[in-house]
Structure formats: structure tokens, C-alpha cells
Amino acid sequence: MPLTYTPRDRDYIPPPGQEVARLETHHDDLFQTTDTPRRAWNRPLDLPPEDATLGLCARHRLMDLRRADFGPRPFTQQLPPEWHLGTYDEVAARRSWCKLCQLIAEVCKDIAWTDQADIVMSWVGDVRWKKKASPNHDLSDGVGGMETWETLRLTVRSIMIGRAPAFTPFDLVPIGKKGELFQGRLLNQGQIDVDLVRTWLKSCREWHGAECSHWMRQQSALPTFFPFIRLIDLEEKCLVERNDLVPYVALSYVWGRVKVFKTCEKDIDKLRLPGGIERNKSLFPRSIRDAMTLAQRIGYRYIWIDSICIIQDDDTDTYKNLDKRYQIGQMGKIYQYADLSVVAASGEDANAGLPGVEAGTREARQKEVKISQDLGIVNRSVAWPDALLKTTWEERGWTYQERILSLRYMYFVDDTVHFQCQQATWSEDFAAECRDLDLTAADQVVNFSIVPSEVPPTVALRPNLKFQHKRYPELVGQYTCRNMTFITDRVNGIQGILNVIKDHFSSQNVEFVHGMPTGELLHPGLLWRPRREPKRIHVDEKTERPLWPSWAWAGWTIPVYYDSGADFSANSTGRYQTEISLGLDPYFLHLKARLARFRLMIEDRGNEDAVPALPRVRPTRLTRYAITYVTNPEGGDHEWIGSIWLSWSHRKKFVEQRLSLVSKVTHEFILLSDADGFEQEELVQAATAEKRAVVNVMMIERRDDPGTDGRVRIERAGVGRMYRDAWDRVEEKWERFELG
């Protein structure tokens, strides 16, 4: 007999002692003792007959949606079941009489494989907060008698086995009344609600204080910028130069291929005169004009915009170049100290604007439907972190430090505006302006099963992009995955972050050269690895050498990453087997290192999926090679003694020996430092492998350089790991090098 689902069963409260202990999941064993599906989307349903006069299809009538189904409710309650609506074609066929099917069909229209895309509705936790536990409920978290509560959202998603989802999942939430929290909010169609934006800023200042504003921390006339920061004065309509900190807005946008007004040395005096900016405003692209308008409307006098506030001339030996060098050098501080960063993430260039700042410049994509007198439903925009992933702004290298360092952001993306600070995330289409929130939808990554499952969707916290001074490896990994219009900006684009780190650790004399840390951090800094086919940066015509050295990640045109073997917390030089120092010419490192020759071999024991994934990074002929002896000391087959990532081109020099593909030539390696062990990407059985000591190694290539007075110069080919005892079986040989 088909299971008849009773909607009110979703209010089940587990007995004391059986509630969910972990906040990361709703899963308990409620449904694990039955073979009959009870919450999976393929469970049998006893559907009533279709009746086009009732306004809802049989499935949605059986769901019997009510406002209370969305919460608030204790977090420990089991999530309600999923609902299968049929294929997209079946949903679209019911749109003429089912209001909810019509909403779904219109939001996810223009999709492929409409006859194969199954549409499923899944209940997911939305906003989460803590409140004092009720005396009638024994459900407290054990911390001060507090209880975790939440609201729910209905996520509409597609399932296509063997294919990518037919559309981006979207959420349905109840429409709230004005001032009602944790409900959907209808957007103004043509223009943003400026009063709401002001409320966000006011609430952040009152609730979070100095945590979200350097200006609130300092509020003094002490010099902050050296020699100054150049700002647009929106009252006097001119450029001003100040070294103290005042509240200002910083604009983050992409230039693209459109013409952007650039301040040149010949214009600077005129732009400093009252009205100087206004006289040129018609030449500004739309994103800049909209940002200036928005800043004034929400109460700011000053705004910083790179193309106007930095002298952009390209000459090398004049005042303007010095100005550009100083201003780019403090860009990290400029965004970190901004009271608000406005992000123009819509469109591909500086004419995209800030949709909704001016009347009639946006089209809200909301669909609403009245389910009953009690409940209206509206679709929410895609969570802004997911929406950003599809934007040109998120791909650009320059915008990375702007996002990482800002304390308050306002994002314009997908015709919706979102606000994020150090403590809260608020969106224009959902009312969540509450002081005590633990979690919002934008903070979560929901993992759905593509096959029917009794286990509710799992929720993970979205990776934290807030700036932390000790996250250099992660920052470099994320930054190098972005695009630079001019590869010569590869170091400049992250220099602001590096300068902030340097200032924070000033007592420890942390310096950065070519984007790399020096001193004690230089050893682990050398352990970056490529994500793509390694390719050296172009040669500088003036120096006749590549723009940056091979030992620096900037010397290559590829995304890179560090793994846990790059121990940036190590203080003991006993880990390091090589003497390394920076030369008088900082292009070169002076090394005294142990050297040995080994061969490469094609024998992959690693797991490529273990390499940390980042968006938009696709492997291109990057090969992991095994390292083996020149001649196996014990005879027999070639022994796997290590692993290294190198370019595909090395495979051209391989021959078959004893059923193994081994390099014809031998390669030089130097011993760098002790390692904690192999990573999963190198050795799948790393955790259970025999306990042998492991070391970090660098494969090197010698370069002819007649101007070195006999000094030996080498370049990095790649970095890998080997068993330590493999070096005990080869001749001990030390040599001095210059690594460039």
C-alpha cells in the first residue's frame, strides 16, 4: 500500500537523549530502521486526483504548505521529506492550473534536457540563531541554557544522473510583512531601497562597532597613509589629498575593454580645484558615476576610485610613476581602512554600473505566488557567494585583495544588493537584520544526494574569506587562480595584502621579495606546487632574464598551491637541510645544498582529486612523475622513492626498462628540508604507508650564464618529496649555487 504522508509529522521532536548533538547536520537515526522510503524523493505517494480548479497540482496539495512549516523551530527537529515533482516538462505542463508549478517553470526556464531533468524540492535549514531554552523543552545545547533555533527554506533543484544540473538551484521562502524577520522581502522593481542600505550600515555600526570599521577604532588625526591617500570629495567635487583617516567608500570594479577615465599628471591640478571632478564626470564610465551617486545618498563625503585617485601615466622617471608606486603599495591599506567597499560585480566592464542605483536600471527577477490566505511564496536570488563565482569581477586578480581586505562590503550582483561585514550577511530579498544570528544561507554549502536518500542534505560552512595574517599559503593559492590582463601585474595585484602582513609582523622583520616571504619563512615558501602545466614568465628585455626568478611563484604564469607539507609555523632550522640566503641582487638565492642525481619514472601512486580544488582551475597536461634511483642499489625493478609534479614535456625522454617507463637522462635534485610525510595527492596510502622519514626536494636545471665569474646558476624545475633514506644510498655531495 502506498505511503500516505501526513504533513504534520514533520513536527516530530526526538525524545531526550536522542536529539542531534552536532550543529552541522540534522541527521539522526529516525528513518534508518525501515526499508520503505519515508523521506527520500522516490518514496511512494498516494496522490489525490488532479483538479485544475483548485489552483495547485496534486503534489503541492499533498504537501499542504503552511507558513509554520518554514519555522521558526528547534534545530534538533528532523528535516521534512523531499518532494519529487516530475520532469521539467511535467512541471511545465501543470503551470496553467498550478501556481507553484508556474513559478518553478518560469524561474528555471530555457534549460536543456527538459524531458530528463527531474525536479525535486528539498527542505534545508536557513537562518540559525540561539535563544534561551524554554522551561518546557529539554533541548538546550548545554551552553548557558541556550537552544538553537532555525527557519527553513525550500530548495528547488534538478537531478540528472550522469549530467550537470539543468539549472542553478534556487530557494523558496515565505513572504513576510514589513519589519517581520526571517521572511522573504519583495524588491523594488526599478531601484534599490536606499533606506534599507542605510539601515544595514547603522545596524553594523551600533551592533559590531570597531570590529567592522578601522575609522571607528581610530577616529583621530594621526597620519594613517604615507605620503597621503587621494580621495574624491563629493561635496567640493574635486580631488583632495589627506594622510589622516576619514570615513570613505572604496569602489571595487573591473575596467574591462571600455574606455575608462584616467587621471594623468597634466590633469591633476585641475582636478584638485572645486568642481574639477564634476566638469569631467560625463567622461566617467557608469560604474564610477553610480558609485559616486550611491556614496552621497547613503551619507558619505569621500570615495576612492583607482582610475581617478591614482595618477595613471606610464612614464618611468617622473613624479607620476613615483605616485603610482606609492599608491599601489598602500592599496591593501586603502581597502582595509575603507568604511565601506562597494563591489560592482554585474557585467564585464566599467559600464555595467550598479543596477538599481538610478531608477529603472534593474529588473528584479522575483516571482511570487499566493498559496493561501496564510502563505505567500517568493523565490530568493542565488546566494551571493555562488552568484559571484560566475562574474568577471570574481575572476580578476586585482579584485582579490579588495575582497579579502575590506571589512564591510556591498555587492551588486544579479540585480540584487547584498551586505556583508565581519559579523553579518544581509540581503535585499530576505529580512535577517538580527543581532544574534549564528548562520545564514550565504554562510552554508549544502550537499544534496543525486540519488534518493533517507539522509537529509548535509551542510558545511562556506570557506572563510576573511583576511587572516597567517594565511599566506591559502592567499597565494586563491590569488594565483585569478586572471591578470597584464602578467606584469602578477606581484602588484597582491602587494597590498603582502604589505599588510608585513606591517602586522613588523617586529619579526617579515619581508616579501617577488611575492615570496624571506627570513625563516623562505624555506617553506619555496614549496609551492603548480596546478597547471608549468610555464615560465616572459623575459624582460632590459635585464635579459625572466621577469621574476624561477624559485618564486610569480616567475611562472600558472595557478599554484601550498599543501600541509609547507610548514609556515616551523621555527626550528633543524628541519632545513639547505643553507639559503637572499643575494645582494634579490633575483638570486644563494644556496649550499646537498645534490644527487635520480631518474623520473611513470608510476602514479597518488590521487589527483586530493589536490585542493578551486573554481575555474582546469588541469592542462600537468604530470605527476615518480622518482627512482639512477640504478637500483639492490638490483631488480626500479623502486618508487618519491613523487614530483612537472611539465608534460619531460615524458618525451622516456624509455621502457623492466616493464617501467623511465627517463633516458638523469636529473639533478637538491635536498631542501624535512617533511611530515607524503600527501594523499602523492601517495594514496600515505596515512598507512610504512613509517619512513620524508624530505622535500627540488629538481633543478643548470643555466649557462657567462657573466657569473664562475658561479653556478640554476633554475627550479619542480618541487616534490622523497623518502629520506633514499639519499643515504647515494653519494654525499654538496655544492654552492645561485638559484635564479
Side-chain angles (χ1 to χ4, degrees), residues 10 55-56 60 63-73 79-80 83 98-108 121-129 149-157 167-197 199-200 203 355-356 362-387 411-420 424-434 437-444 446 459:
R10 69 189 66 176
L56 292 172
H60 289 132
M63 283 185 73
D64 189 24
L65 279 176
R66 305 180 190 182
R67 180 176 292 273
D69 296 336
F70 293 85
R73 54 175 237 160
L79 280 175
W83 290 85
C98 178
K99 295 177 285 188
L100 202 45
C101 285
Q102 181 185 29
L103 182 153
I104 294 169
E106 289 182 358
V107 172
C108 56
M121 300 177 77
S122 302
W123 289 97
V124 181
D126 195 349
V127 176
R128 198 183 301 176
W129 70 97
W149 281 65
E150 70 174 353
T151 58
L152 300 184
R153 52 193 160 116
L154 263 176
T155 297
V156 181
R157 60 192 181 99
F167 57 87
T168 302
F170 61 92
D171 296 329
L172 301 178
V173 293
I175 302 171
K177 299 175 183 177
K178 187 172 182 179
E180 191 175 11
L181 283 176
F182 312 141
Q183 309 287 316
R185 186 158 46 200
L186 296 179
L187 303 180
N188 295 333
Q189 278 296 318
Q191 194 167 20
I192 66 172
D193 185 346
V194 174
D195 290 336
L196 177 62
V197 173
T199 298
W200 287 340
S203 298
R362 76 165 179 183
E363 181 181 354
R365 302 173 188 175
Q366 281 184 313
K367 306 290 182 183
E368 58 176 305
V369 62
K370 188 79 170 177
I371 301 295
S372 64
Q373 289 297 113
D374 173 59
L375 178 63
I377 292 287
V378 67
N379 65 295
R380 290 186 61 181
S381 60
V382 176
W384 63 263
D386 296 324
Y411 295 99
F412 285 77
V413 60
D414 281 354
D415 284 325
T416 310
V417 60
H418 309 269
F419 177 91
Q420 186 187 37
T425 300
W426 298 319
S427 293
E428 192 182 9
D429 61 356
F430 189 77
E433 294 81 14
C434 173
L437 287 186
D438 280 353
L439 208 61
T440 67
D443 302 319
Q444 305 174 36
V446 183
V459 176

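Given the structure is predicted, the values throughout are model-derived calculations rather than measurements. Just so it is clear, the values below take in all heavy atoms, side chains as well, and ignore hydrogens, waters and symmetry mates.
In this structure, the side chain of R185 engages the main chain of E428 through a donor-acceptor pair within 3.5 Å. With R67 contributing its side chain and D374 its backbone, the two residues share a donor-acceptor pair below 3.5 Å. Panel note: side chain S427, backbone F430; no donor-acceptor pair is recorded below 3.5 Å. Remark: the backbone N or O of G190 is not paired with any side-chain donor or acceptor of N188 at under 3.5 angstrom.
The shortest non-hydrogen separation linking C98 to H60 is SG-ND1, 3.3 Å. When all heavy atoms of G184 and V378 are compared, the closest pair comes out as CA-CG1, 4.2 Å. Nearest approach of V417 to W200, heavy atoms of both residues: O-CH2, 3.7 Å. Smallest separation of non-hydrogen atoms from P174 and Q183: CG-OE1, 3.2 Å. Residue V173 comes nearest to F70 through the heavy atom pair CA-CE2, 4.3 Å, listed as atom of the first residue, atom of the second, then distance. When all heavy atoms are compared, the tightest approach of V413 to A387 is CG2-CB, 3.9 Å.
Considering OG1 of T151 and CG of L181, their distance stands at 10.0 Å, rounded to 0.5 Å. With values rounded to the nearest 0.5 angstrom, R153 atom CZ is found 10.5 Å from S122 atom OG. One distance of note links CH2 of W123 with OG1 of T155; it measures 10.0 Å at 0.5 Å rounding. Here the CH2-CG distance, from W426 to L437, works out to 8.5 Å after rounding to the nearest 0.5 Å. In this structure, the separation between CZ on F170 and CG on D386 is 14.5 Å, given to the nearest 0.5 Å. Rounding to the nearest 0.5 angstrom, the gap separating the CD1 atom in I175 from the CD1 atom in I377 is 7.5 Å.
Side-chain contact between L196 and E433 is present, with at least one heavy-atom pair separated by less than 4.5 Å. In this structure the side chain of R362 reaches within 4.5 angstrom of the side chain of L187, judged on heavy atoms. Counting only heavy atoms from C-beta outward, the side chains of N379 and V156 never approach each other to under 4.5 Å. Between L100 and L172, the closest side-chain pair of non-hydrogen atoms falls below 4.5 Å. In this structure the side chain of D171 never reaches within 4.5 angstrom of the side chain of D126, judged on heavy atoms. Counting heavy atoms from C-beta on, the side chains of R73 and E150 come closer than 4.5 Å. Between K367 and I104 the shortest side-chain heavy-atom distance does not fall below 4.5 Å. When side chains are defined from C-beta on, F419 does not count as touching T425, because their heavy atoms never get closer than 4.5 Å.
A salt bridge links D415 to R365: one of the charged nitrogens lies within less than 4.0 Å of a carboxylate oxygen.
Within 6.0 Å of atom CD in E106, more than 12 heavy atoms from other residues, nucleotides or ligands are found, so the atom counts as buried in its surroundings.
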**Q.** side chain to side chain contact (heavy atoms under 4.5 Å, CB included) between M63 and L154, worked out
**A.** CA-CA 12 Å; M63 283 185 73; L154 263 176; 4.0 Å; yes
Q: Apply side chain to side chain contact (heavy atoms under 4.5 Å, CB included) to the pair V446 and R157, showing each step before the final yes or no.
A: CA-CA 12 Å; V446 183; R157 60 192 181 99; over 6 Å; no
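Taking the six-membered ring where the residue is Trp, Y411 and W384 present parallel rings, their angle staying beneath 30° rather than reaching 60°.
Between the side chains of T416 and D429, not a single donor N or O lies within less than 3.5 Å of an accepting N or O.
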